[in-house]
Amino acid sequence: MEIKQKNKRSNAALVLREVRKSREKGGVLFELKIPFMSVLKGEFLAVVGLSGCGKSTLLDMLGLVLKPTSAREFQLNIGTEDRKQNQIMDLVEKDLALIRKESIGYVLQTGGLLPFLSVENNILLPCRLNRKRDSNTVFDLVKRLGISDQLSKKTQHLSGGQRQRVAIARALACRPPLVLADEPTAAVDKLTAIEIRNEFRELTQKMGVTLILVTHDLELVKNVADRIFTFHVEKKSKNHTVSTIYERKNGTGNHR
Amino acid sequence: MDKPARRMGDHLGIVFQLSRADLRHEWVLTICLIMAVTAVLSPLMILFGLKFGTIEVLRFRLVQDPRNREMRPLTSKSFTKEWFNKLRSREDVSFIVPTTRQISASVEARVTGDSVNEVQKKIALNIIPTDDGDRLIMENGASIPTIDQCVLTNAAAEELGAKSGDTLFVTVKRYRSSRYEKGQLSLKVTGVLSERASTLKSIYVRLEILEAVESFKDGQAVPEYGWEGSTPKAYPRYDGLVVILPKKLNKVEEFKLINNSGFTKIELMTTEELLERAGYLLSPGKTIYLLSTKRKPAGNENVRSIRSRLRGFEAILIPWVRGLNAELVDNSNHVLTTLSLLSLSIPLEKAVAIGMVPIPTWGSEVDAGVNNSDTTQWRKIMLPKSIKIPDSSVQLRITRDDDSLIFPVQIVSDLVPHEIEQRNTAFVPARLAGILNLFKLRNITFDNRISEFVLSRRGYAGFRLYASTIDDVDRIRQHLEEEGIPVHTEAERIRDVSELDTYLTLIFWLIAAVGIIGGVAALMASLYASVERKRKDLSILRLIGLSGASLLRFPIYQGIIIAVGGVCMAFLFFESLAWIINSLFSSHLQVEESLCCLSIWHLLIILGTTVAVAVLAGTIAAWRVTRIEPAEALRDE
């Protein structure tokens, strides 16, 4: 049992234990509690919740742009080095920027693409920042995502679905160990959303990339994500809301 | 380069490409910003170009025309050779040549005809000295003439019908002894000055010719050109007069001796004091007075005046000079001995009567006519016993500053007794002592041909001076005025141009300050607004790993690109407008002159300043960039 636990821990891309983040906005205190959350390498983890439940706060912390108020453990086991909670807590912006650049890919709601760059340059930007250029990966990615014909275009000339595909290509272009996707299909129709989800899932699975997808649409990830986390929101008082994250049973449980 | 530094360098390259791509993406806005910079710079460049061009045209004309560097004295004074040498050694003086008195600087000239019967027009010309390095001649199409050549002004050449290569027949006239006399010489015309050099009818010749003309007009002979006349003989000048009387004068009689006699002081002396001051001894019982002058030395006329006032007093007069240092040299100019010369002239019988020691063998020549040119009678010397000169063919040399007077002298005695010898004291006739005393004040030469002491020219009445640059003119003017020499210069005109430059610069900077402040504000606001507008894009860049330190260069690079674009556009506008302005005023401009122009240095300074201003404006916007959090990219989605 102990060996299994040890193997599981070494295989974890991310371990969060007793992490708490408090934020005050307009006199209302919002508290996000994560009793325990671990994400295994190559796992597809979905975080589902309604507006205001703390999805963005969780994503900010996972994306290393927001530090938790307190944490017993915040272990990031991606890249070449283990980065434990204390290190994460103590790291300065410069180091966090380096981890973001080298180890995390982002897919944002409407793509988060830069309008002044062509599709190709948008996709290649993280590789250029990391001084990596894997032409085969990029070529394979754009081919599989069906955006080979769009490379020279400016992003504003793309449809919503194409834009998200470009964002996925950019997030995966330099093979980061972790990809965070924030409502990647919110701006497209249901059919396209399913297509994008499937392509995204296939690519991350094939590349062995850990995917954390945040969405409000449980149907999109139910029976597709390996595990699903959701929020229990409790209104302690008029001005104090506590949201606690826990694991649902709707996941495939493939990585368990 | 270490790894982080290289990474930073790479990021800077990416940031530059990103900022360039963003400007290209928003090209309409970018053109608007570039035009805004152009709108600020173009009028300033035109304004500065006009100011610079105008001032440069004025300065160019001032610099080009040597007349603007010419300085002439407004008063006539005697300038010595030493004074000229001193001034010539100044770095800010490019050229200086002495001039003679204006009244002596006119001649008549005509071109020598091809045939005897051809009558050429004779005109009066100003004669002006020139010398090597004369800017007026050299910068106006002629070369410096030699001693038998001349250069004419354009007006003179036209009037004479002369051209380069012609021979000019020059006539100098004087009025002497109730009749007109002429001196003539031929000069070859080597050049005609361009019209701008002078509007006067003038002839430029070597200073020696001008000196000859002046000497001739003063009635003197000029043997070099065969012009006859007198010789300016040197005359004796004494510091005082020893008066020996049988009895003392009363106060009134004493006063008479210094009242309008040329002498200003009378002293009663003992024989010891006489020995000390004049070097000779008398037997006791005589009354001895020393009449002396304070400033102006006395001449023979003053001695004669005293003689007439003391008629009936049985007075003996011996002119006196303060000790004169001289050297006896042989024919090879080797110094035989140095001496202190004293004046002594007295008739033999009178010297015996008053018990004088020593007794001169040459008697008294003071009363002899001043026109007596037989200098051999008084070019004599009595040496002390201690000095033995084996060869009697010796010369006496007396030196003053860097000039010396040397002439043959006859040793008539070397028996000055020991009892009166004081530090190599020798005696010379009073007339010789007087002439040597004059040498302290005037240049004298001994003309061996006529065995006569001749006065050299005293000095020069004026000068022609050229400053090295127009900026030196005012400094030299101040220097000369401090010496009490008011001068005519073009300093006022030069100062006017400098003042115009100062005022135009001030006006330009006032306008430029407003323009620059407006430009900075516009650029700063635009870049700041651009950062605000791109907040989301910049936060995405922060999110995917660009550090704040790298990204803050984003608006700075954009500012630089806009500034460079603005300068290039402004330069194109400036060049076009400057071409139009210069074309419009081309009829008033000479070749190489531009009314509106900028130097390459100005363009570089404008580029540098604009880029610096853009960096400043970009830095304010960059400060805003550093406030953008990467979380904004996630949250704003």
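To find a chain, count down the sequence lines: A is the first, B the second, and so on, and within it residues start at 1.
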Contact class of Pro176(A) relative to chain B, heavy atoms under 4.5 angstrom: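 Pro176(A) has no heavy atom closer than 4.5 Å to chain B.
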Per-residue contact mode, Leu125(A) against chain B (heavy atom under 4.5 angstrom):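 Only the side chain of Leu125(A) comes within 4.5 Å of chain B.
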Segment of Arg24(B) engaging chain A (4.5 angstrom heavy-atom cut-off):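 Answer is neither: Arg24(B) stays 4.5 Å or more from chain A.
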Part of Leu18(B) within contact of chain A (heavy atom distance under 4.5 Å):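 Looking at Leu18(B), backbone and side chain both touch chain A.
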Electrostatic pair Asp60(A)-Lys21(A), nearest N-O below 4.0 angstrom: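 Salt bridge: no.
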Sequence neighbours excluded - ring pair (Phe, Tyr, Trp, His ring centres under 6.0 Å) pairs with any residue from residues 25-54 of chain B: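 Matches after skipping sequence neighbours: Phe48(B)-Phe508(B), Phe48(B)-His602(B), Phe52(B)-His602(B).
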N/O donor-acceptor pairs under 3.5 Å from side chains in residues 521-530 of chain B, not counting sequence neighbours:
| from | atom 1 | to | atom 2 | distance (Å) |
| --- | --- | --- | --- | --- |
| Ser526(B) | OG | Ala522(B) | O | 2.7 |
| Ser530(B) | OG | Lys534(B) | NZ | 3.0 |

Option among Gln150(A), Gln156(A), His157(A) that satisfies the side chain to side chain donor-acceptor pair (under 3.5 Å) test with Lys153(A):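 Only one of Gln150(A), Gln156(A), His157(A) forms a side chain to side chain donor-acceptor pair (under 3.5 Å) with Lys153(A), namely Gln150(A).
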